[in-house]
Amino acid sequence: MALKIHNTLSGLTEELIPGGIKKEIISDYPPVTIYSCGPTVYSYAHIGNFRTFVFNDLLNRYLKFRGFKVRHAMNITDVDDKTIAGAKKDGITLKEYTEKYTEIFLEDIKSLNIHPVDEMPKATESIDAMADILKRLEEKDIAYRKDGSIYFSIAKFPQYGRLSRLDQREIKSGLRYDTDSYEKEDARDFALWKASAPGEPSWDTPLGSGRPGWHIECSAMIRKIFGGTIDIHTGGVDLIFPHHENEIAQSEAAYGERFVRYWIHSEHLLVDGAKMSKSLGNFHTLRDIVGKGYSPRSIRYLLLSAHYKKQLNFTFDGLKQAEAALERIDNFIIRLNDIKNENQSNPEIDNIIMEFISKLTDRMDDDLNTAGALGVFFDYIHDINSIIDSNKISKNDAQKIFDAINRIDSVFGFIFYKDKKEDDIDPARIESLIKERAEAKAKKDFKKADEIRDTLQKEGIILEDSKDGTRWKKKK
RNA sequence: GGCGCCGUACCCAAGUGGCAAGGGAGAGGUCUGCAAAACCUUUAUUCAGCGGUUCAAAUCCGCUCGGCGCCUCCA
C-alpha cells in the first residue's frame with residue numbers, strides 16, 4: 001500500500017510521488033521537499049497555531065518512518081504590520097522584538113517534542129530572493145508600481161482562484177477591499193512590495209526601498225532553498241485564500257513552472273465551537289495551559305487524537321481524557337519493563353508485532369489517520385496486557401515489543417516523551433520504605449503498611465503490589 | 001449571497017456500500033489483607049431527520065434541520 005495524502009489543489013486523496021516520477025521502491029525517490037508556513041513572531045503562539053505545527057511534525061516524522069528522505073523548511077515571518085507595531089510599542093528595534101518571540105516559539109515547539117526542520121529561513125534574510133521575483137514579474141509586465149509599492153495584477157494570471165475554488169467574479173463581489181485599494185488598478189490585486197514609510201523599517205533593493213508584502217516571502221524562500229517545484233506545501237486552512245493562492249500566482253507567473261505538487265491544509269482548533277484566534281480573544285497559549293498543570297505531552301496527544309482535516313474542539317475535559325489515555329500507555333510500559341521471566345518465549349509475539357506495525361501503517365498511509373492508528377495501538381496494548389496476565393511472555397519478548405513501540409513513537413512522539421520535571425524524589429528512600437512495608441506486611445501489620453503507602457501517596461508516589469513484589473511510580 | 005467541511009454511545013473519536021474500531025467516564029466480576037494496576041463482562045438493532053437507489057447504506061443520491069470555516073489579518 002502506498003502513502004496517500006489529500007491534496008487541496010485537486011480535491012482528491014492522491015498517492016505521494018516525490019519529484020513527480022513514480023518509483024517502485026521508496027528509497028529510490030529523491031528527498032520529499034516540504035515547505036510549511038511558519039509563525040509570525042509578534043507574540044505567543046496559541047495552541048491552535050500549534051495544531052498545525054504538530055501536524056507538520058507528524059508529516060515529517062511519518063515520511064521518515066516510511067523510508068522517505070525529507071527536506072523540510074519552515075519560515076519565520078519577522079517583518080509585517082504586527083511585528084513593526086509591536087516593536088514600536090515596546091520601544092525596541094524590530095530585530096530585538098522578533099528575536100525575542102522567535103526564541104519563545106522555538107522553546108514552545110521543543111516542549112511539544114516537535115523535531116527541528118532542516119531550514120528555518122527568515123523573511124528579512126530573504127530580501128534578495130524576493131527582489132528576483134519582483135524583477136521577473138516587472139519584466140513580464142505582470143507587476144506594476146503605484147506610489148512606490150509594487151502590486152501583482154491578477155488579471156494577467158488566468159488560473160487565479162484555482163486552489164481556493166473562488167472564481168474571480170466572486171472575489172470581486174466580496175466588497176471588502178483593503179483600505180488602500182484605491183491605489184491599485186484592480187481591488188483584487190495584492191501588494192508584492194510595500195513602499196517605505198517614515199519610521200518603518202525598509203530594505204534597499206535594485207527595485208527601490210521598501211518592505212515585503214505578506215505573500216512574497218514564502219515564494220522567495222522556496223525558490224532560494226529548493227530551486228524549483230516542491231512536493232508539499234502545508235499550512236492551516238485559513239491560508240488557502242488569499243495567502244497560498246497569491247503564492248501560486250506570483251511564483252508560477254515569475255518562473256513559468258509548477259510551484260507545488262501537493263497542498264496540505266490542516267483544520268482549525270475550535271474553542272466553544274468557534275475558531276481559536278487572537279482577534280476573537282478566545283485563545284489559550286501553550287504556557288497558559290502548562291501553567292494550569294497540564295503537560296505539553298498531553299497537548300501533543302490531544303492535537304494528534306483527531307484527524308488533521310477535521311475541526312477539533314478544544315476543552316479542558318478533552319485534555320484530561322488525553323492525560324488518562326497517556327496514563328494507560330505509561331502503565332503498559334511499566335508492566336513491560338517489569339517482565340523478568342528469562343525463558344518461555346512466546347511464539348505468537350512476532351506475529352502480533354508484525355500485524356501491529358502493518359495495521360498501523362495502513363491507517364497512517366490513508367491520509368495520516370492518526371485517530372485510526374491510535375485505535376490500532378490500544379488494541380495492541382490490550383493484546384499484550386492479556387499475554388502478560390497469562391504470564392506467557394519472556395524478557396526477550398518484552399524487548400521486541402518495546403522495540404516496536406519505539407519505532408512507532410518515532411512518529412507519535414508522545415509515548416516515551418517525558419516533559420515533567422524530576423522533582424525531589426529519592427529512589428533509595430522509597431525502596432527502603434517499600435522494604436519496611438514488606439516486613440510489616442509479612443507480620444500482618446497492615447496498619448503500618450497502609451501508613452507507609454499513604455505517606456508516600458501524599459508525596460505523589462503510588463505503590464502497586466504484585467506477585468513479584470512492590471513497584472512504585474510517580475503520580476501523574 | 002458564493003465556496004467548502006461536519007453532525008456516530010454520557011464525553012472524545014475511527015469507520016465512507018457487506019452489516020458499528022479505540023480512548024475517557026460508568027456498572028458488575030477476577031486477582032489482592034486492602035488499595036492500585038491489569039484482565040474479563042457490560043453501555044449505539046444503531047450512525048441529526050425524512051425520502052430514494054441497492055440483494056445490502058452510517059457509508060451513494062435528494063431534501064430538511066443544526067454546527068463550523070473561508071470569501072478580510074489569521075495556523
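Here is the naming used below: chain letters follow the sequence lines, and residue numbers restart at 1 for every chain.
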Base [N] paired with [X] side chain (donor-acceptor, <3.5 Å):
{"X": "D389(A)", "N": "C40(B)", "result": "no"}
{"X": "D317(A)", "N": "G24(B)", "result": "no"}
{"X": "R453(A)", "N": "A35(B)", "result": "yes"}

How about F416(A) and F402(A): are their ring centroids closer than 6.0 Å?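 Ring centres of F402(A) and F416(A) closer than 6.0 Å.
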Could you check, using the six-membered ring where one of them is a Trp, whether Y301(A) and F412(A) have ring centers closer than 6.0 angstrom?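 Between F412(A) and Y301(A), which both carry aromatic rings, the centre distance is not below 6.0 Å.
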For [X], which contact category applies under a 4.0 Å heavy-atom criterion: base, sugar-phosphate, or nothing?
{"X": "D80(A)", "value": "nothing"}
{"X": "F446(A)", "value": "base"}
{"X": "A371(A)", "value": "base"}

Rounded to the nearest Å, what distance is computed from the CZ atom of residue F241(A) to the P atom of nucleotide C3(B)?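 In whole Å, C3(B) P lies 15 Å from F241(A) CZ.
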Taking for each residue the nucleotide of RNA chain B with the nearest heavy atom, is it I240(A) or Q321(A) whose nucleotide lies nearer the 5' end?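 On the 5' side of the pair lies Q321(A).
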Would you kindly compare N385(A) and L312(A) by the position of their nearest RNA chain B nucleotide and give the one closer to the 5′ end?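 Between the two, 5'-proximity favours L312(A).
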Going by the ring pair (Phe, Tyr, Trp, His ring centres under 6.0 Å) test, name the single residue among F190(A), W193(A), Y160(A) that passes it with F152(A).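 Result for ring pair (Phe, Tyr, Trp, His ring centres under 6.0 Å) with F152(A): F190(A).
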